[in-house]
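Shown next, in C-alpha cells, is the structure this report addresses.
One-based numbering, in listed order, for ligands and for the atoms of each.
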Amino acid sequence: MNSERAECGNLPLLLARLSHDLEQYQRFEFPDALNQIDQWRSALSIALPEEGVGIDQVLVELGRDVIPNGSQIPNPGCTSFITTGATTIGALATLAGSVASPQRIGVHAFNLLEEISLQWLMEMFELPPSMQGIYSSGGSVANLIALGAARQAAFERIGIDPAREGVNRPCRIYTTEASHHTILRAAAVLGMGRASVFNIATDASGCMLPEALQAQIKRDAGLEHLPVAIVANAGTTSCGAIDPLQALGRIAHAHGIWFHVDGAYGLPGILDPEVKPKYEGLQLADSVTVDPHKWLGAPVGIGATFVRDRALLHRAFTQEISDYLEGAFCDEQAKHSLDQPGYDYNDLGVELSAPSRGAVVWALIREIGKQGMAERVCRHNAMARSLAQRAHAHPNLEVVQEPTLSICCFRYVDNKHPDLNALNQRIHRQMVHNGRAMPSTAMVNGVLAIRPCFVGARTTWKHVDELIEEVVSIGQRFSA
Ligand SMILES: Cc1ncc(COP(=O)(O)O)c(C=O)c1O
C-alpha cells in the first residue's frame, strides 16, 4: 500500500460517501445491531492487518459493517439515560475541529471559540459573570475538576497545598444519594476517598433537606474532618429534581464551605420560565458543571466546569514546566499562530491533548441561538409534563415522580398483579426489543419506574405518543 495515498484521501469525495452511509443510518430503518451480530462480528474480528487495504476499502467496511450496526442512542425514539445523538451541526463542527484544530495549542480561531463559547454558556445559563470555565470530556471529569478546586480551596485555608502535599486528614463532601456516582469517584481520585462523601437526607423527590445539612455540619464541627464541599444537583440523574439551591448556598456561605452545583443534565432547564425559579441561588455557587453533550446536542465528549477563580484551578491541576516545551514559544508580540501557546487550558484540568470543543459548542448555539435552545428545553419539559398528565388520567398508569425537567418516572399498574416492579421491568425490556420507544428505568423510593428522559433534538411529540402506546399495549398484554 502506498503510504502517501493511505494518509491523504480526497476529503470531499470521501465525505460524500460517508455522508450517504450516515444518512441511511439516521433513518433508523436497519434492524438492531444484535439481529445480525454474527455477520458483523465475523467481518470485523480479523487479525491485525499486516498491510493496509486503503482508504476506499475502509470506507466500504465502515458503510457495510460498522455504521448500519451502530448504537440505538441517536434513534429519536430512544429516551434512555441522559444521552442522545449529536445534532448535525454538532457532528460537523466536531469534524471541522478534528481536521483544522487537532490540538488547543496556538493562537487561532478554534481556541478563541473555546473562550467565547464558555462565555456564552455562562450568559445563557445566568452564571455569575465573574466565573470562568474549562471544557473537559463530560460530567464525570467536570465534577472532578470542580471538586479538585474545592479541595484546593479547603486545604489552602488551613495552610496546605493538597496538589503538592496530598490530603492529610479526613474530608467531608456533603451531598445526597440522588447525586451522580461520579461525585464518589471524583472524591476517590482526588485522594479524599469515597468515604468522604456523606449523604444528607432528602425529601421524597430526592432533594436535599437544608435543615438536615445544617444539623450534620453542626454535628461534624467537633470532628477532625475538613468540610470540602456541598454538592447540590440542578437536575438529578434519576428524576431531574433540583435541590433547593438558595437554602443550600446560604448554608455553604455561612460555614465557608465550597458550594458546587452539578448541572450536567439540568442546567439548561433554567431556560424554561416554568422551572426557572428553582434555579434561584445558582449565583451562590463556587462551581457549576454542565454537559453540552446532553441537552445541547453536542457529540459525546464535552463537559464544562465553571469556577470563580481559574487561578485556583491552576494551582490544583498545573502540569508544571516541561523541558520539551522550553523555548517552544516566544514572549514577544506573536507574528505566527504558533508563536504562543494560547490559553493554558492544559494547566486547568486533567487533559493536555484535547479536542477542540469550543467550536462545537459555538456552532450549536450559533445555529439556533439561545432562543432555539430555550425552545428545545421547553418542548422537552412540556413532553415530560404532558406524559405525567396523561399517566394521571389513565387507569393503568401511575406517576412515580412528578417531573421537574424533562424526565417523567411513571409505571404501568394492575391491581391484580403481584409484583409491579417485575411487571414494569418486563414491559420496559419488551419496549426496548420492539425498538419504537426506548426509555430506561429507575428505582425511585423502591418503585421501579419507566423513565423517559427527553433530551434528543430529533425527539418529537409523536415519540411521546408512541411511548405511552407502547407501555399501555405491552402492559395490557403482559398483565392479561
Ligand atoms: C447529574 C450528572 N452528573 C454527572 C454525570 C456524568 O456525566 P458524563 O456521563 O458526561 O461523565 C451525569 C450523567 O448522566 C449526570 O446526570
Side-chain angles (χ1 to χ4, degrees), residues 71 73 78-86 90 94 121 125 133-148 150 173 175-190 197 199 202 205-208 229-243 245 248 259-270 275 278-279 282 285 287-306 349-351 354-355 357 360-361 377 380 384 401 403-407 409 439-444 451-456:
S71 165
I73 297 288
C78 183
T79 53
S80 283
F81 317 113
I82 310 180
T83 189
T84 182
T94 301
L121 288 176
F125 301 141
I134 165 119
Y135 285 120
S136 59
S137 61
S140 309
V141 178
N143 276 335
L144 177 84
I145 293 172
L147 288 180
I173 296 168
T175 190
T176 66
E177 229 170 54
S179 275
H180 199 274
H181 282 195
T182 53
I183 298 298
L184 283 168
R185 185 168 54 194
V189 173
L190 289 164
V197 178
N199 286 334
T202 60
S205 60
C207 292
M208 196 187 294
I230 294 166
V231 176
N233 283 291
T236 56
T237 312
S238 285
C239 299
I242 299 174
D243 281 320
L245 303 179
L248 301 181
F259 184 43
H260 173 58
V261 177
D262 182 350
Y265 153 52
L267 192 65
I270 198 170
V275 203
K278 287 193 177 285
Y279 292 80
L282 188 61
S287 55
V288 180
T289 46
V290 64
D291 273 357
H293 70 201
K294 292 187 166 67
W295 226 337
L296 301 192
V300 163
I302 311 188
T305 308
F306 296 91
V350 292
E351 296 168 304
R357 299 176 174 117
V360 179
V361 175
V377 166
H380 288 148
Q401 190 70 256
T404 304
L405 296 169
S406 65
I407 295 174
C409 290
S440 51
T441 53
M443 192 62 88
V444 183
R451 175 199 166 279
C453 172
F454 302 105
V455 287

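Close contacts of ligand 1 with I82, meaning ligand atoms under 4.0 Å from a residue heavy atom, involve 16 (O). Of all atoms in ligand 1, numbered sequentially from 1 with element shown, those under 4.0 Å from a heavy atom of D291 are 7 (O), 8 (P), 10 (O). Counting atoms of ligand 1 from 1 in the listed order, those under 4.0 Å from a heavy atom of K294 are 7 (O), 8 (P), 9 (O), 10 (O), 12 (C), 13 (C), 14 (O). Contact atoms of ligand 1 toward S140: 6 (C), 7 (O), 8 (P), 11 (O) (distance under 4.0 Å to a heavy atom of the residue). Annotation for ligand 1: atoms under 4.0 Å from non-hydrogen atoms of N143 are 3 (N), 4 (C).
Contact check for C207 versus T202: no side-chain heavy atoms found under the 4.5 Å cut-off. For the pair I242/L405, a side-chain contact is recorded, criterion being any heavy-atom separation below 4.5 Å from C-beta on. Within the 4.5 Å cutoff, no side-chain heavy atoms of R185 are placed close to those of L144.
Among all non-hydrogen protein atoms, the one lying nearest atom 3 (N) of ligand 1 is D262 OD2, 2.7 Å. The closest protein non-hydrogen atom to atom 8 (P) of ligand 1 is G139 N, 3.4 Å.
Taking any N or O of Y265, backbone or side chain, none lies under 3.5 Å from an N or O belonging to ligand 1.
Looking at H181, H180, R185 and measuring to atom 12 (C) of ligand 1, the nearest heavy atom belongs to H180. Taking all heavy atoms of T182, T237, V141 into account, the minimum distance to atom 16 (O) of ligand 1 is reached by T237.
Nearest heavy-atom pair, V231 versus T175, reported as atom, atom and distance to 0.1 Å: O-OG1, 3.0 Å. The shortest heavy-atom contact between L190 and G148 is CD1-N, 3.4 Å. In plain terms, the two heavy atoms of G303 and D291 that are nearest each other are CA-OD1, 3.3 Å.
Between the side chain of R451 and the backbone N or O of F81 there is at least one donor-acceptor pair closer than 3.5 Å.
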